[in-house]
Amino acid sequence: APAPPPAGHLFSDPAEIEALRRNLLAWYDKCKRDLPWRTLAATETDADRRAYAVWVSEIMLQQTQVATVIDYYDRWMQKWPTLQALAQASLEEVNELWAGLGYYSRGKRLQEAARKVVSELAGQMPRTAEDLQKLLPGVGRYTAGAIASISYGQATGVVDGNVIRVLCRLRCIGADSSSPAVIDRLWDMANALVDRSRPGDFNQALMELGATMCVPKAPLCGECPVKQHCRARSRKLFGKPAPVPDVEDCGVGGCPLCPPAAEPWDSSLGVTNFPRKAAKKQPRAVRTATCVLERRGCHGAPEYLIVQRPSSGLLAGLWEFPSLPLAQGLQEEKQREALAGHLQAWTGRPVAARSLQLIGEVVHIFSHIHQTYVVYSLPLDGDVTLDHALSPSRWVTEEEFNASAVSTAMKKVL
Ligand code: SF4
């Protein structure tokens, strides 16, 4: 078994833990942002309805900024105010509402989980973090902890990106913060710190601190409610040797939580020395030819052909302009020929490569893919009979396009 981390990285003094909880909660009560899911969680008396609201907000907030989520959350809760209502929605409706929020599998999994609660769990949400994680698809350790602590009062911690940053700074943890060994320690720490009487508020306070004060680039240490517990700040202010010798000493002995010896403390970075992450892998570059097929609709307005993507994989079930992945380094002439051949299946007649007009390129970054769409346009005369033996397809006006389950990338293409 790996050696336990030196005591300097942990919270071991009960008086210090108590003071940290008190200071953090007092700050949160005074300074917390007004967010719709918080208002609902605070006013809703039915615990399952609270849990549903927290769940929806937490899933939307994964990888997405609060400011973007608010509008989506409000529309979602208006359309499906309860788990039971969501369970009856179609995937198409879910994708339409989710369009533009990214990471589309989140919405799909949320709806699948709602159906499971209704059909297999008699409409009752699991009430502990362990059961939530075990029984609900798409609910990981973090989301389970958030729902259980905020909605059901379970004294369990949470660790998200904000909490990682705060804890790594509080305790000078400079080993790779995405490594399983460090993540396990941070969960231990979050579970030890969480306030027993107000676990939901404590968890939200820790995340709020990371989101508004202990931010990645320029943290507001002078105003921080837990600055007296912060070892990174002590180190910045007092330099080396710091008044926490057990932390300072442990770097030499191969401590599993200290920065690697090859990356020592950089005094120009101050507290932002923490957390540290291993270098990210470069996103994969992908090129795709896409064609906006356009015709005049019955009222003279332009209409565009969109087709549905497969029901699994990236952007599952979303609609897009007919598209074709391109081999690396393919010349433009060959791209046109390949795309023309692909379009023939949709139009039901030969498409001349030279009739495709090259419009330009649209770049869109997915989490792990650097996607370039090479955009062509093709106006069509006369009617086109769609072959429904292929993927589902339909003609839409611009307004209908914008209301459809299409990705942000396709909106950029149009
Ligand atoms: Fe973060 Fe600064 Fe507060 Fe430490 S003192 S927790 S680095 S904001």
Side-chain angles (χ1 to χ4, degrees), residues 5-33 65-66 142 145-146 157-178 182-183 185-195 198-199 201-248 250-251 255 257-259 263-277:
H9 288 297
L10 305 179
F11 286 93
S12 47
D13 174 4
E16 186 185 21
I17 294 176
E18 212 29 70
L20 185 143
R21 289 174 180 159
R22 211 174 35 246
N23 293 338
L24 188 60
L25 283 168
W27 167 80
Y28 180 69
D29 288 340
K30 211 164 116 201
C31 302
K32 66 172 179 270
R33 290 170 295 175
Q65 301 282 329
V66 167
Y142 162 76
V158 294
V159 174
D160 73 344
N162 285 319
V163 173
I164 290 174
R165 188 165 56 256
V166 173
L167 293 181
C168 284
R169 288 175 180 172
L170 285 175
R171 279 314 187 244
C172 283
I173 295 174
D176 176 5
S177 66
S178 58
V182 171
I183 293 289
R185 285 291 166 195
L186 295 174
W187 274 100
D188 292 346
M189 216 179 265
N191 283 327
L193 286 179
V194 66
D195 188 273
R198 297 179 60 193
D201 285 344
F202 180 87
N203 286 337
Q204 292 186 85
L206 203 53
M207 293 189 275
E208 185 86 346
L209 187 77
T212 62
M213 195 152 283
C214 193
V215 291
K217 289 219 173 94
L220 309 171
C221 298
E223 301 160 39
C224 175
V226 294
K227 62 184 173 204
Q228 66 272 44
H229 309 286
C230 181
R231 299 246 160 113
R233 183 164 182 269
S234 299
R235 179 151 189 184
K236 178 183 163 206
L237 294 180
F238 304 112
K240 204 176 176 184
V244 278
D246 43 0
V247 170
E248 295 313 319
C250 69
C255 166
L257 297 182
C258 271
E263 295 171 36
W265 169 269
D266 176 347
S267 54
S268 69
L269 295 178
V271 298
T272 64
N273 272 285
F274 308 104
R276 288 194 192 178
K277 269 195 202 161

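Since the model is a prediction, treat every value here as computed from it, not as a measurement. Read the numbers this way: they start at 1 and go in the same order the structure lists the ligands and their atoms.
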Checking the side chain of Asn273 only, and the main-chain atoms of Leu269 only, is there a donor and an acceptor separated by less than 3.5 Å? no
Side-chain donor/acceptor of Glu208 to backbone N/O of Arg33, under 3.5 Å: yes
Inspect the surroundings of NZ in Lys236 and state if more than 12 heavy atoms from other residues, nucleotides or ligands are less than 6.0 Å away. no
What do you reckon, is NZ of Lys32 surrounded by more than 12 foreign heavy atoms closer than 6.0 Å? yes
If you draw a sphere of radius 2.8 Å around atom 4 (Fe) of ligand 1, how many protein N/O/S atoms end up strictly inside it? 1
Atom OH of Tyr28 and atom CZ of Arg198: how far apart are they, to the nearest 0.5 Å? 8.5 Å
So, Lys30 and Glu223, do they make that salt bridge, N to O below 4.0 Å? no
